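Because the structure is predicted, anything quoted here is derived from the model rather than measured.
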Amino acid sequence: MEAEATLPFQSRHHDTLRLGLASLKEDVSVKHPVEVIQREHRQRALASQQQMLRDLYGVAAPAKAQIEAQILSKFTRLPGAASSSLLGLESLTGELDEFKYESYLGLPEVSVLPPVDLHSQMELKCGMLGAKHDRMARGIL
């Protein structure tokens with residue numbers, strides 16, 4: 001398997017009053033083999049597409065595509081209100097044409113979880129919260 005399946009150690013202060021009791025075991029997620037295969041396939045497809053662009057149009061074409069992807073991946077909404085769709089990035093990569101399980105599972109209108117606290121999310125994003133991967137701050141109770 002991968003090295004990601006090991007238990008992390010807590011190196012930063014955990015805000016117990018705001019985030020609840022710390023649990024390192026729950027932060028480790030064992031990845032399903034199909035998820036690993038899909039991620040690796042996506043990476044191989046991206047690498048082969050960049051190589052094809054490099055062979056056809058030169059070094060500038062894949063560099064331009066990477067810069068555009070970096071710019072479009074930075075446009076996000078404030079946390080808590082609604083998740084960012086990253087429509088520009090999806091149209092650039094061609095993911096708009098794909099219908100995946102994320103398209104119909106995990107929608108906020110069918111969620112049983114309480115809404116995410118905007119202040120905790122912004123503290124986490126700005127690095128003021130302390131703990132890097134707290135489940136409550138990510139909206140997972």
Side-chain angles (χ1 to χ4, degrees), residues 1-16 18-141:
M1 287 296 287
E2 298 178 358
E4 297 174 8
T6 61
L7 286 176
F9 60 93
Q10 188 169 0
S11 61
R12 295 185 179 177
H13 174 70
H14 178 77
D15 189 3
T16 307
R18 182 174 289 164
L19 303 172
L21 296 174
S23 175
L24 297 176
K25 184 178 180 183
E26 294 171 347
D27 288 340
V28 175
S29 63
V30 177
K31 304 234 183 267
H32 194 274
V34 174
E35 183 180 356
V36 174
I37 291 170
Q38 286 178 340
R39 184 174 32 119
E40 289 174 356
H41 172 70
R42 199 175 307 130
Q43 290 172 350
R44 282 192 303 264
L46 180 64
S48 67
Q49 181 183 14
Q50 288 179 352
Q51 183 63 37
M52 180 190 64
L53 284 174
R54 189 175 297 114
D55 293 342
L56 288 175
Y57 302 109
V59 179
K64 179 185 173 208
Q66 286 179 350
I67 291 171
E68 289 174 349
Q70 288 176 1
I71 291 171
L72 291 173
S73 66
K74 291 182 181 179
F75 289 106
T76 59
R77 295 181 183 162
L78 284 176
S83 62
S84 294
S85 62
L86 298 174
L87 185 64
L89 184 63
E90 288 180 1
S91 67
L92 181 69
T93 59
E95 292 181 10
L96 282 177
D97 300 330
E98 298 176 5
F99 188 75
K100 299 179 281 189
Y101 66 92
E102 294 98 1
S103 301
Y104 62 92
L105 291 179
L107 297 175
E109 54 266 8
V110 296
S111 176
V112 295
L113 296 174
V116 179
D117 181 30
L118 177 65
H119 297 289
S120 296
Q121 287 289 320
M122 286 305 295
E123 287 177 0
L124 180 69
K125 189 173 184 177
C126 294
M128 298 168 46
L129 197 54
K132 187 175 181 182
H133 297 290
D134 291 315
R135 296 178 76 234
M136 293 258 313
R138 289 183 289 167
I140 304 171
L141 296 176

Side-chain donor-acceptor pairs under 3.5 Å in residues 63-70, sequence neighbours left out?
unit_1	atom_1	unit_2	atom_2	d
Q66	NE2	Q50	OE1	3.3

Would you give the length of the straight line joining atom CZ of R54 to atom CD of Q51, rounded to the nearest 0.5 angstrom? 5.0 Å

Closest non-hydrogen atom pair, L72 against L86: O-CD2, 3.8 Å

Can you tell me how far the CG atom of L89 sits from the CG atom of L96, to the nearest 0.5 Å? 9.5 Å

Taking side chain to side chain contact (heavy atoms under 4.5 Å, CB included) as the test, write out the residues that go with A61, two or more places apart. L53, Y57

CG of L46 to NE2 of H41, rounded to nearest 0.5 Å, is 11.0 Å

Distance from D97 atom CG to E90 atom CD, nearest 0.5 Å? 10.5 Å

For S48 and A45 the tightest heavy-atom approach is OG-O, 2.9 Å

